[in-house]
Amino acid sequence: NVFTLENFKLIMEHTPIGVVIIDKNLKWLLTNRRFSEITGYTREELRDKTFLDITYPEDINYNINLYEQMTSGKVDEYTYEKRYIRKSGQIIWVRLTVAGVRLSGEYEYMIALVQDIEQNKKYQKDLEFRNKELDTLFYKVSHDLKSPVATLQGLCGLLRDELELSNHSVYMHLEDTVKKLKTQNEQLLQLTRVTEFEINFIRISFKSFILENFVKFNQLININIQQDIQSIETDPSLLMIVFNHLFENTLQFGNQEQPEVNIDLKSDDLTYQIFFGDNGPGIEKTYEDSVFNMFFKGTEVSRGSGLGLYISKKAIERLEGKIELVHFEKPGSTFLITLPKSL
């Protein structure tokens, strides 16, 4: 039962994933049967080529950049997706996991595992198309509802002024329902805009951004701002959407007697971290993983649409960042927004 070189070759040959070993001159030292099936080339045909020869032209520069980072020692391994041109001319997607091998400190060759992900990419493309259709439907329905909702609001105004029903319970319920419908419709429109938003990164003064854009909240909420740095580089329009929903959340669910928000901006070499905490009753731990779900409401009496935090999450994801609930018990809840310093 001694493990021999022949045993190793046999295992490599029958591995259900492409395996290649390439020397520092970009020549194939070893390819297995699965790799030939993926690319359509025999071992003999691959001997006269390099991996760049079968790489889709638009992916070559990125491929070279990763390869040079590995050979220079900046990284030891990496995983990425690229396209190959098969012998038949067909373009297919593959996922590579690559590791460099050094002997006596010098780069000598690399080992790569190659997985055919063409079907996954087709499924992903189909899913993106369906999501696009859904976004279009959301936008069209929400846009078409704007006029009827405005009409309902106008009718409510007539009932209030001409029939003097402003204190009537039925009228109050009707007016409240129309307001909720208007808010939800506006947020559905906002959601479709967030997904299609053209991102524009600029450097902004963080404190000025908060104080100048959220004056209406500053009059209702005691806002405290601490910051380790003065400015951040981001898309202010998307960030405004996020903070607007967080402030709205504080007004609705925070301390009703004296609402207070503490905003703390920190940073490290790679990211900005923004802590947004209130002094409200907090969020039940049961809901810790649900608060960012679409249409989530923590209570039956919630006046919100259940879309605010969901939209905030989508906006932060467009910025390649993340938002999470890091403190949810009394004396309040705290959200952490993490944004990359550069994309």
Side-chain angles (χ1 to χ4, degrees), residues 127-128 130-146 149 178-201 204 206 209-210 213-217 220-221 223 232 234-254 259 261 263 272-278 280 283 287-299 301-328 333-340 343:
L127 188 61
E128 289 172 354
R130 292 177 185 274
N131 286 340
K132 178 74 173 178
E133 284 187 322
L134 186 60
D135 287 343
T136 302
L137 177 63
F138 267 179
Y139 179 80
K140 181 170 176 51
V141 171
S142 301
H143 188 272
D144 290 348
L145 279 173
K146 285 180 70 175
V149 170
V178 172
K179 285 181 179 178
K180 286 180 179 178
L181 179 61
K182 181 175 184 289
T183 299
Q184 191 165 65
N185 193 56
E186 288 175 345
Q187 291 193 350
L188 282 171
L189 273 172
Q190 188 181 71
L191 176 59
T192 60
R193 290 175 181 137
V194 163
T195 58
E196 298 294 326
F197 201 87
E198 184 177 345
I199 299 175
N200 180 31
F201 282 87
I204 58 172
F206 183 73
F209 167 78
I210 298 294
N213 289 293
F214 302 102
V215 175
K216 65 175 182 178
F217 294 112
L220 301 170
I221 302 171
I223 301 176
I232 64 173
T234 188
D235 186 301
S237 298
L238 281 174
L239 204 58
M240 278 184 63
I241 290 173
V242 176
F243 273 100
N244 191 69
H245 287 301
L246 291 177
F247 279 124
E248 290 283 3
N249 246 32
T250 297
L251 284 181
Q252 184 172 351
F253 302 109
V261 162
I263 302 173
Y272 304 110
Q273 304 103 42
I274 305 170
F275 294 85
F276 185 102
D278 63 37
I283 299 173
Y287 303 133
E288 180 184 3
D289 298 323
S290 307
V291 293
F292 296 105
N293 291 347
M294 183 184 284
F295 301 121
F296 170 79
K297 294 186 179 183
T299 65
V301 296
S302 172
R303 302 190 305 273
S305 66
L307 283 170
L309 289 178
Y310 178 78
I311 293 172
S312 298
K313 181 173 182 287
K314 290 298 179 184
I316 293 298
E317 286 175 349
R318 289 297 315 278
L319 297 172
E320 300 293 334
K322 67 178 180 178
I323 179 171
E324 54 193 320
L325 183 60
V326 294
H327 184 271
F328 44 84
S333 53
T334 301
F335 294 90
L336 168 60
I337 300 168
T338 306
L339 299 171
L343 296 177

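- Residues Phe214 and Phe243 meet the side-chain proximity criterion, which asks for heavy atoms closer than 4.5 Å.
- The only member of Thr338, Ile337, Val242, Leu238 that meets side chain to side chain contact (heavy atoms under 4.5 Å, CB included) when paired with Leu319 is Leu238.
- For the atom pair NZ (Lys313) and CG (Asn293), the distance works out to 8.5 Å, reported to the nearest 0.5 Å.
- Note that the CG atom of Leu309 and the OG atom of Ser290 stand 11.5 Å from one another [nearest 0.5 Å].
- In this structure, the separation between CE on Met240 and CD1 on Ile210 is 9.5 Å, given to the nearest 0.5 Å.
- The backbone N or O of Phe201 sits nowhere less than 3.5 Å from a side-chain atom of Asp235 that would complete a donor-acceptor pair.
- Inter-residue side-chain proximity for Ile232 and Leu239 is flagged as met; some heavy-atom pair is nearer than 4.5 Å.
- The CZ atom of Phe292 sits 12.5 Å away from atom NZ of Lys314, with the distance rounded to the nearest 0.5 Å.
- Between the side chain of Asp278 and the backbone N or O of Thr250 there is no donor-acceptor pair closer than 3.5 Å.
- Using a 4.5 Å heavy-atom cutoff, the side chains of Ile263 and Phe275 are not in contact.
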**Message:** Does Ile199 form a side chain to side chain contact (heavy atoms under 4.5 Å, CB included) with Arg318? I'd like the steps, not just the answer.
**Reply:** CA-CA 8 Å; Ile199 299 175; Arg318 289 297 315 278; 3.6 Å; yes
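- Looking only at side-chain heavy atoms (C-beta outward), Leu336 and Ile323 stay at 4.5 Å or farther from each other.
- Taking each heavy atom of Lys322 and Ile316 in turn, the nearest pair found is N-CG2, 3.2 Å.
- Here the side chains of Asn244 and Lys216 are in contact, with some heavy-atom distance below 4.5 Å.
- A 4.5 Å side-chain heavy-atom check between Phe335 and Ile274 finds every atom pair outside the cut-off.
- Taking the six-membered ring where tryptophan is involved, the planes of Phe247 and Phe217 are essentially parallel, since the angle between them stays under 30° and well short of 60°.
- Inter-residue side-chain proximity for Ser312 and Ile241 is flagged as unmet; no heavy-atom pair is nearer than 4.5 Å.
- Nearest heavy atoms, Thr334 versus Gly277: OG1-CA, 3.7 Å.
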